[in-house]
Structure formats: C-alpha cells, structure tokens
A.B. asks: 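I have a structure here, written as structure tokens, and I will follow up with some questions on it.
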Amino acid sequence: MKMYLNGNTAVAHAVRLVKPGVVAAYPITPQTVIVEKIADFIANGELDAQYIKVESEHTAMAACYGASAAGARAFTATSSQGLAYMQEMLNYVSGVRVPVVMVVGNRALSGPWTIWLDHQDTIQARDTGWIQLYVENSQEALDTIIQAYKIAENPEILTPVMVCMDAFVLTHTEEVVDVPEAKAIDAFLPPYNPEFVLDANNPLTFSFGTPPALYMEFRVLQEQAMQRALGIIKEVAEDYGRTIGRYWPGLIEKYGPEDAEVVVVAMGSLCGTIKEVVDDLNYRGKKVALVRIRAYRPFPVTDICQALQGAKAVGVFDRDLSFGYAGALYTDVKAALYGNLNPAPRVLNYVGGLGGRDVRVEEIESIFLNLLGEQHMYQQEQSDVRFVGVRW
Amino acid sequence: MNLMSARITGFPKIPVVPGGTVLVKTGGWRTMRPVIDPEKCNNCLQCWIYCPDGTIEKGAKTVMINYDYCKGCGICSEECSHGAITMLREMGDEK
Amino acid sequence: MLEIRFHGRGGQGAVMAATILGKAVALYEGKYALSFPAFGTERRGAPVMAFTRIDDKPIRLRTQVYKPNVVVVLDDSLLITTNVVEGLASDGLVLVNTVMPAEEMGLQAGPNAKVVTIDATGIALKTLKVNIVNTSILGALCAVSGLVKIDSIVKAIENTLPERLVKRNVEAAQEAYRALSEGRKAQ
Amino acid sequence: MTTLAELTSEELFFGHAGCAGCGSVLAVRQALKVLGRNVIFVEPAGCVLGVTCFYPQVALRVPLLPTAFPATASTASGVSVALKAKGRHDVKVVAVAGDGGTADIGLQALSGAVERGDELIYICTDNEAYMNTGIQRSGLTPWGATTTTTPGGKLGHREDKSKKDMMAIVAAHGIPYAATASISHWNDFLQKVEKAYRVKGPSFLHVLAPCPPGWGFDTSQTVKFARLAVQTGIWPLYEIENGKYRITLKIRNFKPVREYVEGQGRFRGLSEAEVAHIESLRDQQWANINSIVEVTNK
C-alpha cells in the first residue's frame, strides 16, 4: 500500500511486518519516532511484541542480546551517542552470533554538541562484527530491514545487521513509500527459529570463556560468515525482488555509463543527489558515474573492483573521518583496488557533509570536475583529504 | 549433542557448548585431603551443604567425598560439629 | 521540479502544511513529492521552516532548498526578523498570512515575483477557533498557485488530521480557497 | 522448613574452577538446590562466570548466557521478556553478579530492570571487592578494609566509606521482594530463594560470600567468617516484602566485632578505636533497620 511517510515511520512499518518478539529501545534524535510508532502499533494491537522501555542504549542492546539468545526476534534503533554507548554490547551480539537487527539514524558524534547527519557513528562501529547496509531512501530502508532479518538469521550467517539511514534527510523526510502486505512478508521471512537457544530443557552455555587456543577460531568463523554474507545479501535482495516486486542492489550499485572516466563512490542518501549530478554531467558530454556502496561490511571488494575497472580517477566521498588519516570508505576502496586492478585508477578522497553540513549539487559537480582535471580543489598539505564545503 | 570435546573434532559453529562439559578434574588442586571417620559421622549433611564444590555425596549412613573434584579447602572439616572429618596431607600422612 | 518553502513559528503547523501539500500531490495527483522540516529541534514559538519538493518524476535530490519557487509565510511577524524571500526564484510566488495589503509589506522579491496576501488567521479563528493557519493557507495556495487542486488538499487533510479535526480544517481550507479564487475573479 | 536430607542431591553447578573455599560459588550452588533446572542464568564477566565456563570446563548444568560487566540485569531483562513473548512462563531468569557488577557498573541496568518490574531473580554474591581482577575496592567494600586500591599505607588510606545500601536502593524502586542472606545460614538463604522464585516481578538477593584470598583467611574459614558477620551484627539478615521490612534472624547479643575482624588479613592492623568505629557503624545500621521495620509494619 502506498503511503506518504517519513523514514522513521517507514522503518516502524518494516518492524511491524517482521513481527519481532522483543523491541528494546531508548529515545534519541533522530530515531525516536521509530520506537514511538512501534509503541503505537503495539498499543493498537497491530503488532504483538514486547517493548522493553529501557533506561539506556547499553541496556537496549543487552536486552536484544538476551532476547535473541532466548529465541525471540529482536529489534532496536539508535543513533550517534547511543550507538557509541552500546558499542560494548555490539561485540557481544556479533561474537555470540545472535541475529539482532538494528536501525541507526546516522548522526554525527559530539562534541561539539550536534544532532545532525554524518556517518561517524556507524563508521566507528565498523569493526564490531556487524553487517552494515547503507540505504539511499526510505523505501530502501523499509525493504532492507525486512531483508536484514533474512540475512542475519540465515544459519550460515548468524550475524547481526545494522541498517544505516541518514538522520533527518531520511528519518524526517516524507515521501511515498510502498508498504508491503503482511502476507507477502510472512511468505518471504519465516519465523525466527534458531538452532541454538537458551532452553531449560537443553542447557547450553553461550559465550563461554575461550582460551587463546580457541578464540581465534571463533573469529575466523565469524569472518567466514561475513564473507558468505556477500553472496547471501545479493541472494536475499533478489529473492525479495521476486517475492515483493521491488529490487535493490545487493552490495553495490553503479549508476552512469559503463565506460565512465571518473567515478564517485559514496554511501547513503547523498547518492540520490549524486545521481542527479551524474545525469546532468552525462548530458553535458562528460563520462562520469556513481558507485553506491550498499554493503559496507562485508566490503564487496570484487564488485567494487569490477565497477571501477577502466576508470581513470575515482573520488571517494566520506561523511566521516578517521582522524590522522582520511575517510574510512576511501581507505577501504583504495585498499580494495591495490593489487586487484592493473592499472589502478587514481583515488582521491573528499570528506564533507559532516555534522549535517548540506552537500550541495554544485559541490558534487566540483568533485567530478576536479577528478576530470578541470577544476582545482584545495587540499591540505600532506593529506589525502579534500574537504568539501568547508569555510576556510 | 556434543558440540565440543577435549579433542576438537568438529569445531562448533558459534560459541555455544552444552552445559556441564567438565573435562578437568579439580581434585588435582588439593594439598590437603578431607578424610571421613564413618564412626563419628551421623549424616547431618552440614558438610554437604557447605561444600563450595558439591563434592560431598549423600550416602545411606555417612557422606562420601568425591576426590576427583574435592579441592581440599577444608570447610567440611571446619563445619563438622562431630569432628568426623580430618584434614590430612595429600602426600605423606597416613590415610 | 518545484520547491516550496514554508515559514512559520513552532506550533503553527508549518511542518504539517509541508506534509499535507506533499501528500496531496503524491497520493492524489500522481506526482512525486518530498517534504521535510528544517532539520533541528523545534521549539514552540521559535521561527521554523519546512519544505515541499514536487516533481513529475521520482525525486532523488536530497539537498536543502536554496531557490524556492514558492514561499508561504504563516505569520507576518516573521517578516520583521526573517528575509522570507531569500533565494526566491525571480518569477516566484510569495503567499503571506496578513491583514496588510501586499504592496505595504515591502518585500524585496524579484521584478517578476508575485506577492499575494490572505487573512488566514481570520479564517482560522472563525472556522477552527484557534490560530493554526496551515490548512487555510494551503487552501489559499491552491487558489493562487495552481500547484495542487483543492480536492487533493481536502483529501490530504482527511488522511492526515485526527478525525475530530478534519471537518473544520477542510472548511478552513475551502474558505481560504474561495476567498482568493473570488478575489482573483474580481480583479 | 526444608531439611538437608530433602534437598536434591543433583549438583547443577559442578566441576567449576572456583578457588578452594570460594563463598560465591557456594552461594550459587546452594541457590540451585532450590532453583532447580527450570531457570536460565545470566552472568557478567567476573569471578563466578570466570570459574563457571572457561573452556573446557563448563560447569553449569542450566542454560547460561554470559554478558558484559554492566549488563547483567539488562541482559536478563531481554531473556525474561523474550520468554514472555514466547509464552514460557514456567522458566525463571536468574542473574548472578558480584558486588562490583551489582553496586557499581551494573547499577543502572539493575535499576531499569527493577523499576520496569521485569520477571527475574537477581542474586548479588557479595565478596566485598573486585576479586576477579585482584582485590580492588568496590562500592560494597566495608569501612576499614584494605584492598589493592585502598592499601592502607602509612597515611592510613583504608576504605573510608561504608557499604552502599543496595537493599535500600532496590527497595526505593518498589521491588516486590528483596533479602539479605549469608552462605552460613543456608536455611534462611534457601527460604529466601524460594520466596524470590515464587514472587511475581523482580527480586533481589544480597548474599554475603566471603573470599579467602580477598579477605585474607584460610580456605577452610569461609563459612565461619560468613557466620561471624551475621553473629556480630555486621551483616543483618532481613527481607523486604512489598515494602515491609522484616528481620529474619534476630540476634540478642552481638558477638564482639573484634572476633570478626581478627583473622582477616584485610582488617589487619585496625586500632581499637577503628574497631569501635565499625561497631558504631553496625549499631547505626541496626538502628536504621529497626526503625524501618517498625515504620513499615505499622
């Protein structure tokens, strides 16, 4: 059913459709509306779930950990400081392989105090062992949450998924969203029925102390599941397309001519704006394209190399910064190309849109022109980074 | 379902093992050994309820000690109000 | 693509106005729309802005609105502190809720811009008994802009507001719509 | 009243790697005599967890979900609510944490769980310091004790605060049932475990569990010092049922505190005046409890 919804409400509908047993969440801007709406659904009998009104994000994730281990499908949502606060539990959840799904309204970290969009929060949680999927719009957010459970709960994966959606630009922006019918989702996503579960009739010990002789093997198994997820994410996206009728790129999306000379790589809602610029520049005879990363972890090295093959220059747009070096996506893309593409394109890093700074059409155009060698852009000495839209 | 054994044959998929997978006998920790005098023991079970390791077994007339797991802490001997449990040196003393 | 900027004060319904407009064109006129508030925390009484973007094709552009085609001002006291016509397209439209005539407001809009006023507060007080002008000003916007049909606005109001508020708000929208439609005929 | 002969011989916590003479594992073992198999345990990183399931020794024969240090109650909440979602009302969630995990780092989560009324039994095995990391003071270290972070050097830097009043804290949340207990008084303890098991909503059991290496006494003395703590009045045994306080073990004449502190390495070198101060703290504590007992039973 087509509805006019903001991103948060679209997410809440996705949660209603996946029928979690337990929702545990703590309010934080910009995701609060998600859990308010879920509370509404429960209060009105549209969703039969237990909602734990927790006293912190740490508890939200701990409760999801416990609930999922006890065999209930668990959901939470958070953002920024909240994600940082629950980070300890993120590692437990992924390490013990309980398939929690979480939506993060991507928001910059304080201080200085801020509430606006960037990707620093989820980038900082990059190495917690969660699958990270970045969405471009609210429809994709809704569809991806449903897919996320199917990926996470796959017995070959058993890895939690973070669906990353931009603060305000998605969470607070209304647009038409097609909300699938409950029946269709029931057919797509079977009930959560894990092999390993806390059960008094079959006493298992989870997460036992592991000596050095064992720990590494568990990490390797975790990594193997991540690598398998590359295939599963694609499969699930296709399966969703077949069942629901809406297709999303599994790992990455290339937009623009196959033989583009320069390519910008980016994640999140900014990709929509970049597509507009790509169309415009293509129309003006410039061979430029966009590669949108949907799956950031696991990182789709092969797909990225394929998509960037033949490009002369690649600009990676980061809405985050690893202080003392460069943007995280940039370092990942660059590392992916080294030794895999010969000759490798030049890779430049553009960091912008931090703390909610709008990334304007003109700025994206400048990035493409800079990559084409047609426009100069200020770059700090001894740094890979070109800051976009900064007031010097 | 034995997900894991001392020799890892099939490594578990995720860090979960069956409860009660006890493969190391803690009796080897002992330097002192509690010895029960069946004549003095009246089966009051004080030693049983106070053993941190659950190594005292209920018997028909007296309790018995599971030396495979008894760590020799001596609480049983201390708590026995009948003087029925003596702590002897693990090596050397007459049993 | 058309971009509309609403100026109001927290609690006056500017954000809701942007929503109802977007919903009206997107659900009832087969177009595409995005609507969003100026991102931040909203405080009652503080100046707020909200935006609606309308197009015939899916909207991918996610930047803020810099060059609106239409500016809607829900409270004329904002004119004292805010340059409401900033960035307005040279042939843009400004719709202001005020009892003042357009020429007296001294708005520095472009030479081809059109400034229209309506006493939306008067209509709101009459129909709703409270000074929440978003539905009346949307009715006025239908009349002067051709952006959206009044029927679509009515449907969007029905679809958005709680049932007990629908009737009076529809009345407010229709009354403002009539006021400006008739006004235009009279000119 | 149950007799020892009636208690199950089944050892659900067996083969663990607890220190010889450990009071905390004894508390868990005793509690399981009443709890039985229909429970799910949640334990944070700490002494009890460390000795319960360090591979290849997985000693607990009930389901166990270990969790992060601050997350005992919150993880237990998740398990508990999941059971509710699945309609499993026959299984009880039991959270077991030490004094640091309860009174310090885990306090927020405990507060949330109790305030929400989540269905769980929370057992604090209190050995009065961070023993797993090597005897650092916690919010439940008693006045006058030395730990590695209150070493009591020449300048006299022993622990200079009384124990945080966990019972008052949980009581302030309106908890349906809370009780103190001691491993030395098994009957009192097990009756309280039974009550906790039966109560609807959260319950809190604060069990004194002496620690031979941490307190500095021989491994055989664990139960003796637990008993002395009760007999000297240092550790009052009482319960709070729906707001009503009740002393479960009345002590006519306190044994001298000297008998309790003597023989414990952590109290070595206390002056007469300092021992007298501990006695005055004890008396104050009892005065408080007695007055609350009176007020809440009017």
A.B. asks: Looking at NE2 of A:His58 and OG1 of D:Thr75, how far apart are the two atoms once the value is rounded to the nearest 0.5 Å?
C.D. replies: 8.0 Å
A.B. asks: Is a side-chain N or O of A:Ser79 found less than 3.5 angstrom from the main chain of A:Val104, in a donor-acceptor match?
C.D. replies: no
A.B. asks: Of the backbone (N, CA, C, O) and the side chain (C-beta and beyond), which part of A:Ser207 lies under 4.5 Å from a heavy atom of chain D, both, or neither?
C.D. replies: both
A.B. asks: Between A:His13 and A:Phe41, is the ring centre distance below 6.0 Å?
C.D. replies: yes
A.B. asks: Quick test of your reading: applying ring pair (Phe, Tyr, Trp, His ring centres under 6.0 Å), list the pairs with at least one residue in residues 70-103 of chain D, sequence neighbours left out, ordered by first then second residue.
C.D. replies: none
A.B. asks: Is a side-chain donor or acceptor of A:Trp130 paired with a backbone partner of A:Leu90 at a separation under 3.5 angstrom?
C.D. replies: yes
A.B. asks: Hey, does the side chain of A:Tyr92 reach the backbone of D:Thr67 with a donor-acceptor pair shorter than 3.5 angstrom?
C.D. replies: yes
A.B. asks: Can you check whether A:Arg16's main-chain N or O pairs, donor with acceptor, with A:Glu46's side chain at less than 3.5 Å?
C.D. replies: no
A.B. asks: To the nearest 0.5 Å, how far apart are CD in A:Glu57 and CD1 in A:Ile28?
C.D. replies: 5.0 Å
A.B. asks: Given D:Phe41, which partner from the list D:Leu12, D:Leu32, D:Thr52 fulfils the side chain to side chain contact (heavy atoms under 4.5 Å, CB included) test?
C.D. replies: D:Leu32
A.B. asks: So D:Lys192 and D:Tyr177, do their side chains get closer than 4.5 Å, heavy atoms only?
C.D. replies: yes
A.B. asks: Taking D:Thr222 for the side chain and D:Gly21 for the main chain, is one N or O donor matched with an acceptor at less than 3.5 Å?
C.D. replies: yes
A.B. asks: Answer with side chain, backbone, both or neither: which region of D:Arg61 has an atom nearer than 4.5 Å to a non-hydrogen atom of chain A?
C.D. replies: backbone
A.B. asks: Below 4.5 Å from any heavy atom of chain D, which atoms of A:Tyr65 appear? Answer side chain, backbone, both or neither.
C.D. replies: both
A.B. asks: What residues of residues 92-104 of chain D make heavy-atom contacts with chain A at a cutoff under 4.5 angstrom?
C.D. replies: none
A.B. asks: May I ask you to list the residues in residues 194-213 of chain D that approach chain A closer than 4.5 angstrom, counting heavy atoms only, ordered by number?
C.D. replies: none
A.B. asks: Is it the backbone or the side chain of A:Asn201 that comes under 4.5 Å from a heavy atom of chain D, or both, or neither?
C.D. replies: side chain
A.B. asks: Look at A:Ala72, A:Ala62, A:Gly21 and state which one has the largest set of heavy-atom pairs under 4.5 Å with chain D.
C.D. replies: A:Ala62
A.B. asks: So, A:Glu55 versus A:Thr59: side-chain donor-acceptor pair below 3.5 Å or not?
C.D. replies: yes
A.B. asks: Look up atom CD1 in A:Ile151 and atom CD in A:Glu156, then write down how far apart they are to the nearest 0.5 Å.
C.D. replies: 14.5 Å
A.B. asks: Counting only heavy atoms closer than 4.5 Å, note whether D:Ile40 contacts chain A via side chain, backbone, both or neither.
C.D. replies: side chain
A.B. asks: Which one of D:Gly78, D:Pro70, D:Ala73, D:Ala76 has the most heavy-atom pairs closer than 4.5 Å to chain A?
C.D. replies: D:Gly78
A.B. asks: Counting distance only, does the side-chain N/O of D:Trp215 pair as donor-acceptor with the main-chain N or O of D:Asn127 below 3.5 Å?
C.D. replies: yes
A.B. asks: Taking A:Asn8 for its side chain and A:Pro30 for its backbone only, find out whether a donor-acceptor pair lies under 3.5 Å.
C.D. replies: yes
A.B. asks: Taking atom CG of A:Asp48 as the centre, does the number of heavy atoms from other residues, nucleotides or ligands within less than 6.0 Å exceed 12?
C.D. replies: no
A.B. asks: Under 4.0 Å between a Lys/Arg side-chain N and an Asp/Glu carboxylate O for A:Glu223 and A:Arg228?
C.D. replies: no
A.B. asks: Using only non-hydrogen atoms and a strict under-4.5 angstrom cutoff, which residues of residues 81-88 of chain D touch chain A?
C.D. replies: D:Val81, D:Ala82, D:Lys84, D:Ala85, D:Lys86, D:Arg88
A.B. asks: A:Ala24, A:Ala69, A:Ser56, A:Pro20: which one forms the most heavy-atom pairs within less than 4.5 Å of chain D?
C.D. replies: A:Ser56
